[in-house]
2 protein chains.
Amino acid sequence: MKIEEIIKSNSPISIEKRTVLNIMFTQNVVAEAFNEILKSFDLSVEQFNVLRILRGQKGKPANMCVIQERMIAKTSNTTRLVDKLLLKGLVNREVCEQNRRKMEITITEKGLNLLAELDPKIEAHEKLFGYNLTPEELENLNNLLEKYRTI
Amino acid sequence: MKIEEIIKSNSPISIEKRTVLNIMFTQNVVAEAFNEILKSFDLSVEQFNVLRILRGQKGKPANMCVIQERMIAKTSNTTRLVDKLLLKGLVNREVCEQNRRKMEITITEKGLNLLAELDPKIEAHEKLFGYNLTPEELENLNNLLEKYRTI
DNA sequence: TACAAATTTTGTAATTACAAATGAAAATAG
DNA sequence: CTATTTTCATTTGTAATTACAAAATTTGTA
């Protein structure tokens, strides 16, 4: 469905405006499907992203700055996100001995197990959307997006 | 900058996962720039979108359902969004005489003036991002996004 | 009338935004 | 070399927003 139909616009829209709307709308569709999966695991998208970042550290602890800079949405309140994950026993948090300003966050066994359980569902979700596109088209889409946001 | 560098991933990412991340991240970049513009006008993106929807009605009032279905992010609380716009005098709200369950929302002169003032700034923002892409590439990006989200 | 559907509002808990505050380390001045 | 200032890293306060479900109101219908 074209973006014009979705927002039910009857006047013509410039290609630039159309692109912004398309990006916003598409992200929304993907994020909502994402949310749907995570909801049954009582995780928000941001909490899930933090867990993934921590798993990517492969045992090496991450401090708050590192987590923040790797998040997709930089605006989230990392402290309180980690608080929530702590309460659920999905991460550990301790003061860094070398620099006591920093926190060392690691993912727990429970956190890793949760991610392992989620992995196939997330992967299916990711593949579902690309389904109508050939690998070349997907590659093309990625390149265009990258180029698009580079100002 | 490639999405792998942004999230500082050292392990390979599937093209499907890469696409999801790219869409999420790009939307975030665009939305933040958007927000930056609207902030000085004391408007949130959603409030702005509601105003645009109302302007698109060309005088014809819109009820809450209509507004909701045309919004990019369907999840917002339309009642309270409109409340805020009412407080600022940017919209009018009255009960529909034909069906008293419905509300008739219209944009005020003040709302139209605000949009008129914003228009060139928003347009510049939209054009800024597409700048590195030819019109054909933009067209292509739109088509790919549309195809991508169609499941 | 009584019941179901449509439309909007409200309650309230969780999350986000943004600025200010805290605490620790590093740099600088006397 | 100690006191002071600046910078870094994180947390906290609080107001605004969002999420989600329940409630309220009006309409249509058996």
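Labels below follow one simple rule: chain letters A, B, ... track the order of the sequence lines, proteins then strands, and each chain is numbered from 1.
- Within the structure, ring pair (Phe, Tyr, Trp, His ring centres under 6.0 Å) pairs that include any residue of residues 65-90 of chain A do not occur (at least two apart or interchain).
- When the C1' atom of D/dA15 is taken as reference, atom CG of B/D42 falls 13 Å away, rounded to whole Å.
- Annotation: side chain to side chain donor-acceptor pair (under 3.5 Å) contacts of B/E4 (sequence neighbours excluded): B/R18.
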Do B/N142 and A/T19 pass the side-chain hydrogen bond (donor to acceptor under 3.5 Å, both in side chains) test, and can you show the C-alpha distance, the side-chain angles, and the key distance before you say yes or no? CA-CA 6 Å; B/N142 276 278; A/T19 311; 2.8 Å; yes
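- Within residues 57-68 of chain A, the residues approached by DNA chain D to less than 4.0 Å at the level of any non-hydrogen atom are A/N63, A/M64, A/C65, in residue-number order.
- Contact record, B/L128 with A/I151: O-CG2, 3.8 Å, taken as the closest heavy-atom pair.
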Heavy-atom contacts, protein to nucleotides 23-28 of chain D, under 4.0 Å, summarised as B (base), S (sugar-phosphate only) or - (none) per nt, yield --BBS-
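- For C/dG23, neither phosphate oxygen OP1 nor OP2 lies less than 4.0 angstrom from any side-chain nitrogen or oxygen of A/K102.
- Whole-Å rounding puts the B/D83 CG to D/dA16 P distance at 14 Å.
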Walk along nucleotides 16-22 of chain C from 5' to 3' and tag each nucleotide B, S or - by protein heavy-atom contact under 4.0 Å, base first, then sugar-phosphate. -BB----
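- Here the P atom of nucleotide D/dA16 and the CG atom of B/L85 are 15 Å apart, to the nearest Å.
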Step by step, would you call A/Q47 with A/R52 a side-chain hydrogen bond (donor to acceptor under 3.5 Å, both in side chains)? CA-CA 9 Å; A/Q47 287 173 13; A/R52 277 206 293 201; over 6 Å; no
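- Straight-line distance from the CD1 atom of A/I105 to the C1' atom of D/dT11: 12 Å, rounded to whole Å.
- Side-chain contact check for B/R149 versus A/M1: every heavy-atom pair is 4.5 Å or farther apart.
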Does A/K39 form a salt bridge (charged side-chain N to carboxylate O under 4.0 Å, His left out) with A/E36? I'd like the steps, not just the answer. CA-CA 5 Å; A/K39 211 162 58 178; A/E36 202 52 47; 3.7 Å; yes
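- For D/dT14, the paired base is C/dA17 (Watson-Crick or G-U wobble, both distances below 3.5 Å).
- The local environment of NZ in A/K121 is sparse, with at most 12 non-hydrogen atoms from other residues, nucleotides or ligands closer than 6.0 Å.
- Here the rule is side-chain contact (heavy atoms from CB on, under 4.5 Å) with B/C96, and of B/E104, B/R101, B/M103 only B/E104 fits it.
- Considering CZ of A/F34 and CD of A/Q27, their distance stands at 10.5 Å, rounded to 0.5 Å.
- Residues passing the ring pair (Phe, Tyr, Trp, His ring centres under 6.0 Å) test with A/F129 are A/H125, B/Y148, sequence neighbours excluded.
- One interatomic measurement links the two molecules: CD of A/E104 to C1' of D/dA9, which rounds to 13 Å at whole-angstrom precision.
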